[in-house]
Structure formats: structure tokens, C-alpha cells
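For reference, the structure is listed below as C-alpha cells.
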Amino acid sequence: ATRDLRDILERASARETAARVAAGAVAKQLLSEFGIEIKSHVIKLGHVQAVPLSREWTDIAGLPVDSPLNCVDEVAQEEMIRLIDETREAGDTLGGIFEVVVRGLPVGLGSHTSWEDKLDGRIARAVMSIHAIKAVEIGAGVGNAGKPGSEVHDEIAFDGGNFRRLTNNAGGLEGGITNGEELRVRGYMKPISTLKKPLRSVDIDTKEEQAAAFERSDVTAVPAAGVIGEAMLAIVLANSMREKFGGDSLDEMRRNYDSYLDAIKAY
């Protein structure tokens with residue numbers, strides 16, 4: 001057994017997620033063949049939050065690649081930057097919330113029959129596996145917990161030959177299955193553990209009180225976590241697409257997909 005906790009610290013480092021982002025890029029390429037797009041944005045950092053939290057796809061997709069924090073609300077973003085500077089001076093760290101939005105998903109990905117096949121369960125597991133993520137929200141899940149059902153459940157309409165929801169409180173998932181609306185998933189990230197101004201700890205050998213060790217730290221990693229969230233959702237969704245539409249080639253998978261869409265229209 002090792003006595004150097006850095007061996008564990010380094011293996012648990014978020015640098016491990018670079019491989020996930022690379023795999024997610026490949027998964028995004030597959031999804032793009034079916035018109036599925038994935039974007040993320042920061043909606044809260046520390047006590048500063050965008051107003052409103054929920055934004056239209058066009059606003060999120062329109063964020064410039066050099067956006068400093070990937071936040072749609074420019075006023076809130078400037079306040080977040082000031083907060084980061086203040087927190088850096090104090091030797092502290094910040095957490096926050098990012099949202100990943102997926103557009104173009106077909107109806108019927110996932111399953112309602114088994115807990116391990118429910119797509120919302122798979123998504124929650126994937127996002128929770130990102131370092132420092134301590135909560136996952138799908139749709140308006142957190143706020144919905146305190147509302148009556150009449151204000152939560154999305155009413156259904158039939159328009160232009162398609163069923164649609166008049167709202168999207170469910171975040172694109174019902175009963176573990178995609179319903180054709182935008183998939184909206186939020187990750188809640190705790191502040192980074194390593195502080196420049198270390199907290200109290202205990203030496204594992206002497207059992208004496210000692211300040212926690214410090215090697216390096218960022219003030220916050222919420223915008224980067226959003227990129228990782230995109231990758232994790234892309235991987236989960238690409239797997240779901242492969243499970244449902246199969247095939248030994250992209251052409252065969254597309255034929256199966258097109259046939260499925262034609263079958264849905266028949267209803």
C-alpha cells in the first residue's frame with residue numbers, strides 16, 4: 001500500500017477526461033450524421049447566475065468559440081470574471097452549474113423496461129462520473145420537485161403531422177425514453193478541492209493536525225466541465241443510437257434510422 005497520497009491524487013486528476021473528450025468528438029461525428037447537435041453553456045458560477053437560466057438553442061449555439069466562460073448572459077459573465085479574480089486573490093475556489101443541450105434526437109432512444117436501460121439513468125451516471133460533479137438535473141427537475149403536477153407535466157399537442165410538447169419541463173426524457181424534444185442536462189460542480197489557502201487536515205502517519213498539501217489549483221473548472229459533459233452525453237447517445245439502429249456500416253445504420261422514422265410517421 002502506498003503512503004504517498006499524490007499517487008491517488010494524480011490518478012483522480014481531471015486530466016483523465018482528455019481521453020473522454022477525444023472519444024466524445026468521435027461520438028459527435030456519428031451523431032452529426034443524423035442531424036444531432038450538442039452544445040453546452042455555463043449558467044452559474046459561485047453565487048453569480050445567468051438570467052434567465054434556460055436559454056434558446058440559437059443563443060447557446062451562437063456563443064463565440066473564444067467566449068471566456070461560455071456564458072450566454074454577457075452581464076453575468078463579466079460579474080463571474082470579477083468573482084474569479086477576487087477568489088484567486090483570496091486563495092479560494094469556485095463551483096457552479098453547466099447545462100448541456102442536445103437537439104435533433106429521435107423519439108424512442110432508451111427503454112422503460114429495465115432500470116439499467118433507462119436513458120436518464122445512463123446519462124446521470126455519465127455526468128456524475130465527471131470529476132467534482134455532485135448533482136445532475138434533467139430538465140427542470142430540481143424546481144419541479146416543489147411544484148404541483150399541473151405546473152410540471154408537459155401537455156401534448158399534434159401539429160404538422162407530429163406530436164409535440166407545449167413545454168419541455170421533462171428535459172426531453174420521459175420514462176427513460178427520449179420524447180423528441182431538446183435534451184437538457186445540468187451538472188452541478190463543487191469547488192475544486194485543492195486550495196492555495198489550504199484547509200486543516202491530518203498527517204496519515206503521525207495523526208497530527210497539519211495543513212492540507214498544495215501543489216497546483218485552478219480557481220474554477222466549470223466551463224471546462226461543460227465541454228466534458230458534452231463528450232459524455234455524446235458517448236451515451238451514440239451508444240444508444242447504435243443499440244437501436246445497429247448495422248455494420250454507417251450506410252446500413254442510416255437506412256435503419258430512415259426506416260424507423262418512416263414507421264413513426266405512419267402512426
Side-chain angles (χ1 to χ4, degrees), residues 8-9 11-31 34 36-44 53-54 60 95-145 152 168-193 221-246:
I8 307 302
L9 180 150
R11 183 58 187 86
S13 168
R15 288 174 293 180
E16 171 266 325
T17 57
R20 305 196 207 184
V21 173
V26 176
K28 282 183 179 181
Q29 284 186 304
L30 174 64
L31 295 173
F34 301 92
I36 300 169
E37 301 174 90
I38 304 178
K39 298 289 183 181
S40 69
H41 63 127
V42 171
I43 61 176
K44 187 172 183 178
L53 287 180
S54 184
I60 302 167
I97 308 170
F98 64 83
E99 181 179 57
V100 182
V101 183
V102 187
R103 187 176 71 160
L105 287 170
V107 175
L109 291 185
S111 175
H112 67 281
T113 59
S114 176
W115 68 266
E116 72 263 25
D117 293 328
K118 288 170 67 72
L119 189 56
D120 44 7
R122 290 184 175 185
I123 288 171
R125 176 188 179 188
V127 177
M128 279 291 287
S129 75
I130 300 171
H131 300 70
I133 301 302
K134 288 298 183 180
V136 178
E137 178 182 19
I138 296 177
V142 173
N144 286 348
V152 168
N168 190 23
N169 293 321
L173 281 164
E174 295 178 38
I177 304 171
T178 54
N179 62 13
E181 302 297 329
E182 288 179 349
L183 175 63
R184 289 183 174 257
V185 181
R186 293 175 180 174
Y188 290 66
M189 187 177 200
K190 71 174 183 177
I192 293 171
S193 301
V222 180
V227 175
I228 303 165
E230 291 182 37
M232 295 309 295
L233 251 69
I235 292 168
V236 171
L237 295 172
N239 282 334
S240 293
M241 290 285 289
R242 288 282 296 125
E243 287 174 0
K244 190 165 188 68
F245 303 113

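In what follows, every heavy atom counts, from backbone to side chain, and hydrogens, waters and symmetry copies are set aside.
- With rounding to the nearest 0.5 angstrom, the CZ atom of Phe98 is 9.5 Å from the CD1 atom of Ile43.
- Looking at heavy atoms from C-beta onward, Pro106 lies in side-chain contact with Met241 at the 4.5 angstrom threshold.
- Across every non-hydrogen atom of Ala126 and Val236, the tightest pair is CB-CG2, 3.6 Å.
- In terms of modelled atom types and a separation under 3.5 Å, the side chain of Asn169 and the main chain of Val152 share a donor-acceptor contact.
- In terms of the side chain to side chain contact (heavy atoms under 4.5 Å, CB included) criterion, residue partners of Thr178 (sequence neighbours excluded) are, by chain and number, Leu105, Leu109, Leu119, Leu173.
- Residues in residues 225-245 take part in these ring pair (Phe, Tyr, Trp, His ring centres under 6.0 Å) pairs, two or more places apart or across chains: Phe245-Tyr257, Phe245-Tyr260.
- With rounding to the nearest 0.5 angstrom, the OG atom of Ser129 is 8.0 Å from the CD atom of Glu16.
- Every pair passing salt bridge (Lys or Arg N to Asp or Glu O under 4.0 Å) that includes a residue from residues 124-137 is listed here, sequence neighbours excluded: Glu137-Arg186.
- When atom types are taken as modelled, the side chain of Asp120 and the backbone of Ile138 share no donor-acceptor pair closer than 3.5 angstrom.
- Dense packing is recorded around NZ of Lys118, with more than 12 heavy atoms of other residues, nucleotides or ligands lying under 6.0 Å away.
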What donor-acceptor contacts under 3.5 angstrom involve side-chain atoms of residues 221-235, with partners at least two apart or in another chain?
{"unit_1": "Glu230", "atom_1": "OE1", "unit_2": "Lys28", "atom_2": "NZ", "d": "2.6"}
{"unit_1": "Glu230", "atom_1": "OE2", "unit_2": "Ser40", "atom_2": "N", "d": "3.2"}
{"unit_1": "Glu230", "atom_1": "OE2", "unit_2": "Ser40", "atom_2": "OG", "d": "2.6"}

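- Pairs passing the salt bridge (Lys or Arg N to Asp or Glu O under 4.0 Å) check and including a residue from residues 234-245, sequence neighbours excluded, read Arg122-Glu243.
- Residue pairs that meet the salt bridge (Lys or Arg N to Asp or Glu O under 4.0 Å) test with at least one member in residues 169-178, sequence neighbours left out, are Arg165-Glu174.
- Taking each heavy atom of Ala238 and Leu30 in turn, the nearest pair found is CB-CD2, 4.0 Å.
- Between atom CD of residue Glu99 and atom NZ of residue Lys44 there is a gap of 14.0 Å, rounded to the nearest 0.5 Å.
- Using a 4.5 Å heavy-atom threshold, the side chains of Leu237 and Phe34 count as separate.
- Expressed to the nearest 0.5 Å, how far CG of Leu183 lies from CZ of Arg103 amounts to 13.5 Å.
- The CD1 atom of Ile177 sits 10.5 Å away from atom CG of Asp117, with the distance rounded to the nearest 0.5 Å.
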